[in-house]
Amino acid sequence: GQNIDQPTEMTATEGAIVQINCTYQTSGFNGLFWYQQHAGEAPTFLSYNVLDGLEEKGRFSSFLSRSKGYSYLLLKELQMKDSASYLCAALTDSWGKFQFGAGTQVVVTP
Amino acid sequence: DTEVTQTPKHLVMGMTNKKSLKCEQHMGHRAMYWYKQKAKKPPELMFVYSYEKLSINESVPSRFSPECPNSSLLNLHLHALQPEDSALYLCASSPRTETNTGELFFGEGSRLTVL
């Protein structure tokens, strides 16, 4: 079966750092994606890892360990606009089958 | 143009109605998707079209019927829906090649209410 776990909610203050963990167990694996979704809007792509290691994109970084079935998204210098749901998604085959986690609601407080 | 455009944005229909959701992209992407998303839940995959052919159907009831008329367009035909089908329906595309699926580009969604 397919299982992707991430925390339900995290709260942090403006300017801080937050790390959202994601563990996955899938029958196939072709990469791990992170998306941001503001309430009432469509998800938008943040980052992608297919090899082990860290990918950095401005204030956002994502890490992958394939052997551990583990990824995290690091958000630095938090801003109020970063309050959103963050979805971890595993690409489980070569046909485009993405399996999404339930999402982590990040609340940024002043 | 990096947009996926969905119409209508909102749709209210009765259980006996027939309606369609439409999706369009002009990024040259060769994979297009329909997802269903309920409030505070992750998107659930319904269908994947790859090079205009249906490649994945996630055991979706036949009251949902997808159609891909060409590489830029994707439709979802709705007939005899149930109130529990009320949800946000998201279309997405990805720059699929033989070696890489690429990330999903989502449209803003069509919010469907079935009365």
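Within every chain, numbering begins at 1; the chains are lettered A, B, ... in the order of the sequence lines, protein sequences first and strands thereafter. Quick caveat: nothing in here was measured; it's all calculated off a predicted structure.
- In terms of heavy-atom proximity, Gly107(B) sits nearest to Ala42(A) at O-CB, 2.7 Å.
- Side-chain contact between Gln37(B) and Gln37(A) is present, with heavy atoms from C-beta onward closer than 4.5 Å.
- With a 4.5 angstrom heavy-atom cutoff, Gln6(B) does not touch chain A via any of its atoms.
- In this structure, OG in Ser94(B) is found 11.5 Å from CZ in Phe45(A), a value given to the nearest 0.5 Å.
- Remark: Glu67(B) CD is packed, more than 12 non-hydrogen atoms of other residues, nucleotides or ligands lying under 6.0 Å away.
- For the pair Val48(B) and Lys97(A), the minimum side-chain heavy-atom distance is 4.5 Å or more.
- Remark: Thr44(A) OG1 to Glu103(B) CD distance equals 11.0 Å, nearest 0.5 Å.
- For the atom pair Leu45(B) CG and Thr92(A) OG1, the distance stands at 8.5 Å (nearest 0.5 Å).
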- Worked check of ring pair (Phe, Tyr, Trp, His ring centres under 6.0 Å) between Phe106(B) and Tyr35(A): CA-CA 10 Å; Phe106(B) 283 93; Tyr35(A) 290 86; 5.8 Å; yes
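- Under the 4.5 Å side-chain heavy-atom criterion for grouping Ile, Leu, Val, Met, Phe, Trp and Tyr, Phe33(A) is connected to Phe100(A) within one hydrophobic cluster.
- Within 6.0 Å of atom NZ in Lys57(A), more than 12 heavy atoms from other residues, nucleotides or ligands are found, so the atom counts as buried in its surroundings.
- With a threshold of 4.5 angstrom between heavy atoms, Gln99(A) does not approach chain B through any atom at all.
- Remark: aromatic rings of Phe98(A) and Tyr35(B) are distant, center separation not under 6.0 Å.
- Residues Ile4(A) and Pro42(B) fail the side-chain proximity criterion, which asks for heavy atoms closer than 4.5 Å.
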